[in-house]
Colleague: 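I have a structure I would like to understand better, so I am pasting it below and will then ask my questions one at a time.
Start at 1 and go down the list; that is how both ligands and their atoms are numbered.
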Amino acid sequence: MFQPDLLRQKRILITGGGTGLGKGMAHRFLELGATVYICGRRQHVLSETETELSRVASGKIRSLPCDIRDLLRVEQMIESIWKDGPLDILVNNAAGNFLARTEELSPGAFEAVLGIVLMGTINATMACGRRWLQALHPGVVLNIAATYSSTGSAYVVPSAMAKAGVVALTRSLAVEWGNRGIRMNAIAPGPIPTEGAFSRLLPRPELEQFARDRNPLRRFGTTEELANLAAFLVSDGSGYINGEVVVMDGGEQLQGAGEFSALGRLLTEDDWKSMKPRKAPKGRQ
Ligand code: HXC
Ligand code: NAP
């Protein structure tokens, strides 16, 4: 799909790059020649991913344990990366989420998700952005949001609040920093099977089946599809895309919004036939 050196000489940090979609993006970026840094809280997970992905030809990978909620730790991590050379690209991918009825959430539960998703994204973005602005170094930020960042969603309210904030940050800084060479975009994925997401959000087979069936494509997205879109959006080939939120959900969100879209599931062949005009419309036989 891409030239094999699309991301050569690009230095990329992926937060939460030890697992799931972050790991998938790390793999793809390495294949395309990038130098990739991944961070997360669990050292053993990062080390395993680093070892596994270091076998991928082309790029280089290094892992750094860091809790992105902690600004001091983020600054230390970014400083240690910058010692090798400036980053070119930041992918804010780390997240926390769970299904719950909102009235049962403690303040700590809100804080846990907002801390990772919103504050973590702000911490990493500011640490890179300030360095880029000061050095007049171009930069690209890609934020991984969710389809419900624009609509909200029941039962994942802290995540919906935080992702909406991430999208607002994306659009705001795209304008404020665009004239100084920094591009900001986001991807809003629909469901893509990962252990982290599916164990928490679709934890039973019938929930998974329900989610698959309500998608117009009748399937989930794949990590490879997400990684390809991410590679395009962080590459120089998408240099005029700024402040955009690209939805990648098989049309799921649109299906939920269209007033009559669900009729395809309810109406039978006979129903459709019975609604046809008995006489052919004028001009037709
Ligand atoms: C209610 C919960 C809860 C739950 C935790 N809490 N789980 N409340 N229901 N299921 C509360 C706790 O009681 C606690 O509140 C507070 O949240 C913090 O919990 P901890 O376990 O101490 O926090 P921590 O170890 O930091 O874990 C953070 C986490 C966890 C978010 C709770 O799930 C995590 O580490 N997640 C990282 C990976 C992840 O979530 N991946 C999925 C991303 S998918 P108190 O009051 O006791 O302090 C995604 C989009 C998917 O984002 C979209 C699919 C279509
Ligand atoms: P995942 O595997 O659970 O990824 C989350 C990653 O974030 C983990 O590697 C986790 O590692 C890291 N993380 C969590 N808290 C952190 C913290 N405080 N500091 C640093 N790293 C932290 O889930 P995923 O499905 O790949 O999700 C990746 C992104 O896609 C998230 O932004 C998610 O909201 C988004 N998304 C996913 C889907 C989907 O269906 N999969 C759909 C829409 C959006 P540690 O636990 O080791 O820290």
Colleague: For the 3.5 Å polar cut-off, considering only N or O atoms, please tell me whether S159 and ligand 1 meet it.
Modeller: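 There is no such contact.
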Colleague: With backbone taken as N, CA, C and O and side chain as the heavy atoms from C-beta onward, which portion of I68 lies under 4.0 Å from ligand 2: side chain, backbone, both, or neither?
Modeller: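 Both the backbone and the side chain of I68 come within reach of ligand 2.
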Colleague: Under 4.0 Å from a heavy atom of I116: which atoms of ligand 2 are those, numbered in the order shown and with their elements?
Modeller: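 Those atoms are 15 (N), 16 (C), 18 (N).
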Colleague: At the 4.0 Å heavy-atom cut-off, does E252 count as touching ligand 1?
Modeller: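 Not so, E252 does not reach ligand 1.
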Colleague: Does at least one non-hydrogen atom of Y148 fall below 4.0 angstrom from an atom of ligand 1?
Modeller: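 The answer is yes, since Y148 has a heavy atom less than 4.0 Å from ligand 1.
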Colleague: Relative to ligand 1, is L105 under 4.0 angstrom through side chain, backbone, both or neither, heavy atoms considered?
Modeller: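 It is the side chain that gets close, since no backbone atom is under 4.0 Å.
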Colleague: Does an N or O from S106, backbone or side chain, lie closer than 3.5 Å to an N or O of ligand 1?
Modeller: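 There is such a contact, yes.
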Colleague: Which option out of G96, A95, G16 puts a heavy atom nearest to atom 14 (C) of ligand 2?
Modeller: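 Going through G96, A95, G16 one by one, A95 has the nearest heavy atom to atom 14 (C) of ligand 2.
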Colleague: When you compare ligand 1 with R41, is there at least one nitrogen or oxygen pair between them that comes in under 3.5 angstrom?
Modeller: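 Yes, there is a polar N/O contact under 3.5 Å.
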Colleague: Between L201 and ligand 1, which part of the residue brings a heavy atom under 4.0 Å of the ligand: side chain, backbone, both or neither?
Modeller: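 The answer is the side chain of L201.
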Colleague: Quick one: look up the protein heavy atom nearest atom 13 (N) of ligand 2 and list residue, atom name and how far away it is.
Modeller: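 Answer for atom 13 (N) of ligand 2: A94 CB, 3.8 Å.
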Colleague: Is any side-chain N of the basic residue among R214 and E252 closer than 4.0 Å to the acidic one's carboxylate O?
Modeller: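 Result for this pair is yes, salt bridge flagged.
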